[in-house]
Amino acid sequence: SGSSAAAPLPEEDCMKLNPSFLGIALSSLLAIDLWASKRLGVCAGEGSAWGSARPLMKVIEVSGHGIPWLLGTFYGLCQSDSSAAREVLLNLLFALLLDLVMVAAVKGLVKRRRPTHNKMDMFVTISVDKYSFPSGHATRAALVCRFVLHHLVLAVPLRVLVVLWALIVGVSRVMLGRHNVTDVLFGLLLGYALYGVVEYCWLSPLSAPALFALW
């Protein structure tokens with residue numbers, strides 16, 4: 001009868017029963033990302049497929065950590081007696097601080113948990129490091145790589161080594177089980193883009209005389 005006719009489903013229920021193509025695509029990509037990340041996490045623990053290589057991966061991890069880069073840059077800035085070197089180092093310090101702020105902001109906004117197979121034994125972590133997206137190491141590696149290639153005069157073999165270092169840092173994040181593949185890919189893209197911000201806001205004795213007066 002007309003009185004017993006089925007009422008139309010609420011709009012949100014219709015969306016659940018008939019997901020959009022975009023929703024299906026994103027869910028599929030997420031599933032592939034999680035699957036690939038787990039398969040590639042061959043150094044996630046001592047008992048993993050490549051567990052014996054875990055100490056080497058952790059050395060690479062430290063090479064991309066923010067603290068050594070910040071301390072090394074600050075020390076070089078204090079010891080430098082060249083105005084040109086101080087300008088480059090001051091901007092590298094600005095780039096590293098910008099990287100920390102941007103990565104922390106995105107991690108706090110997205111709040112993606114780290115892979116379940118990750119072992120939380122990282123070198124010096126802060127509160128947002130419990131989140132995975134994006135990879136701060138990958139962001140920093142891409143940023144430092146572009147910075148070094150643009151502002152240091154290096155022979156071709158050294159330039160190749162710098163690029164390889166950035167790529168190896170990114171790959172090591174997945175191998176250690178710290179991040180998913182998309183965390184690293186987005187981190188590399190973000191670091192690449194952040195260098196453009198650093199170049200646009202380049203600090204010089206003319207644009208920031210107060211900073212250079214401190215040194």
Side-chain angles (χ1 to χ4, degrees), residues 6-45 47-51 53-54 57 60-61 64-66 95 98-120 122 125-147 149 163-200:
L9 290 171
E11 183 179 356
E12 60 271 18
D13 289 340
C14 292
M15 292 177 66
K16 291 177 183 178
L17 292 173
N18 300 287
S20 65
F21 174 79
L22 179 60
I24 295 174
L26 290 177
S27 298
S28 300
L29 287 175
L30 177 60
I32 294 172
D33 180 34
L34 296 176
W35 173 82
S37 302
K38 190 169 184 178
R39 290 296 298 270
L40 294 172
V42 292
C43 301
S48 301
W50 292 9
R54 185 175 174 80
M57 292 295 105
I60 296 173
E61 177 177 70
H65 198 281
L98 176 65
D99 164 68
L100 287 176
V101 171
M102 288 300 299
V103 170
V106 177
K107 281 187 174 183
L109 181 65
V110 177
K111 295 183 178 179
R112 184 184 194 184
R113 293 290 177 177
R114 290 189 180 271
T116 55
H117 55 283
N118 175 49
K119 182 179 179 182
M120 285 298 290
M122 291 182 291
T125 60
I126 57 176
S127 59
V128 292
D129 283 334
K130 63 185 176 182
Y131 300 125
S132 175
F133 185 92
S135 166
H137 280 69
T139 304
R140 189 173 304 108
L143 174 61
V144 169
C145 178
R146 285 199 73 189
F147 192 100
L149 293 180
V163 175
L164 285 177
W165 167 78
L167 294 176
I168 290 172
V169 167
V171 171
S172 71
R173 309 312 291 154
V174 180
M175 293 179 66
L176 279 169
R178 306 292 196 210
H179 292 278
N180 297 301
V181 175
T182 50
D183 302 334
V184 172
L185 292 178
F186 184 84
L188 292 173
L189 290 174
L190 179 60
Y192 190 90
L194 283 178
Y195 176 77
V197 177
V198 174
E199 281 291 292
Y200 182 79

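Nothing here was measured: the structure is a model prediction, and the numbers come from that model.
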Problem set entry | Side chains of Val181 and Ser37 in contact at under 4.5 Å (non-hydrogen atoms) | yes

For this session: List for me each residue that meets side-chain hydrogen bond (donor to acceptor under 3.5 Å, both in side chains) alongside Lys119, sequence neighbours excluded, and say none if there are none.
Result: Glu46

For this session: State whether a side-chain donor-acceptor pair under 3.5 Å links Asp99 with Thr139.
Result: no

For this session: Compare all side-chain heavy atoms of Arg178 with those of Pro115 and state whether any distance is below 4.5 angstrom.
Result: no

Exercise. Can you tell me how far CZ of Arg140 sits from CG of Leu190, rounded to the nearest 0.5 angstrom?
Worked result: 11.0 Å

Seminar exercise, completed: Rounded to the nearest 0.5 angstrom, the OG-NZ distance for Ser132 and Lys111 is 15.0 Å

For this session: Sort and list the pairs that fulfil side-chain hydrogen bond (donor to acceptor under 3.5 Å, both in side chains) and have at least one residue in residues 163-172, not counting sequence neighbours.
Result: Ser63-Trp165

Seminar exercise, completed: For Tyr131, the ring-ring contact (aromatic ring centres under 6.0 Å, His included) test, sequence neighbours excluded, returns none

Seminar exercise, completed: In terms of heavy-atom contacts, Ala53 and Cys43 come closest through CB-SG, 4.1 Å

Problem set entry | Shortest non-hydrogen separation from Phe147 to Tyr195 and the atoms involved | CA-CE1, 3.5 Å

Exercise. If you take all heavy atoms of Ala44 and Gly177, which pair is closest and at what distance?
Worked result: CB-CA, 4.3 Å

For this session: Please list, chain by chain and in numerical order, all residues satisfying side chain to side chain contact (heavy atoms under 4.5 Å, CB included) with Leu164, sequence neighbours excluded.
Result: Val160

Seminar exercise, completed: Separation between OG1 (Thr182) and CD1 (Ile32), nearest 0.5 Å, reads 11.5 Å

For this session: Tell me, please, which residues at least two apart from Lys130 pass salt bridge (Lys or Arg N to Asp or Glu O under 4.0 Å).
Result: none

Exercise. Is any side-chain heavy atom of Arg173 less than 4.5 Å from a side-chain heavy atom of Asp183?
Worked result: no

Exercise. How far does CG of Asp129 sit from CZ of Arg114, to the nearest 0.5 angstrom?
Worked result: 6.0 Å

Seminar exercise, completed: Applying ring-ring contact (aromatic ring centres under 6.0 Å, His included) to His179 and not counting sequence neighbours gives none

For this session: Return yes if some donor-acceptor pair links the side-chain N/O of His137 with the main-chain N/O of Glu61 below 3.5 Å, else return no.
Result: yes

Exercise. Roughly how far, to the nearest 0.5 Å, is the CH2 atom of Trp35 from the CG atom of Asn180?
Worked result: 13.5 Å

For this session: Determine the minimum heavy-atom distance between Asn118 and Leu176, stating which atoms define it.
Result: OD1-O, 4.1 Å

Problem set entry | Partner residues of Leu30 under the side chain to side chain contact (heavy atoms under 4.5 Å, CB included) criterion, sequence neighbours left out | Leu34, Arg112

For this session: Kindly write out the residues that satisfy side chain to side chain contact (heavy atoms under 4.5 Å, CB included) with Leu188, not counting sequence neighbours, or none if the list is empty.
Result: Ala138, Ala142, Val184

Exercise. Residues two or more places apart in sequence or in another chain: which of them pass side chain to side chain contact (heavy atoms under 4.5 Å, CB included) with Val163?
Worked result: Cys145, Leu149, Leu167

Exercise. To the nearest 0.5 Å, what is the distance between CE (Met57) and CD1 (Ile168)?
Worked result: 7.5 Å

Exercise. With Arg54, which residues qualify under side-chain hydrogen bond (donor to acceptor under 3.5 Å, both in side chains), at least two apart?
Worked result: Asp121

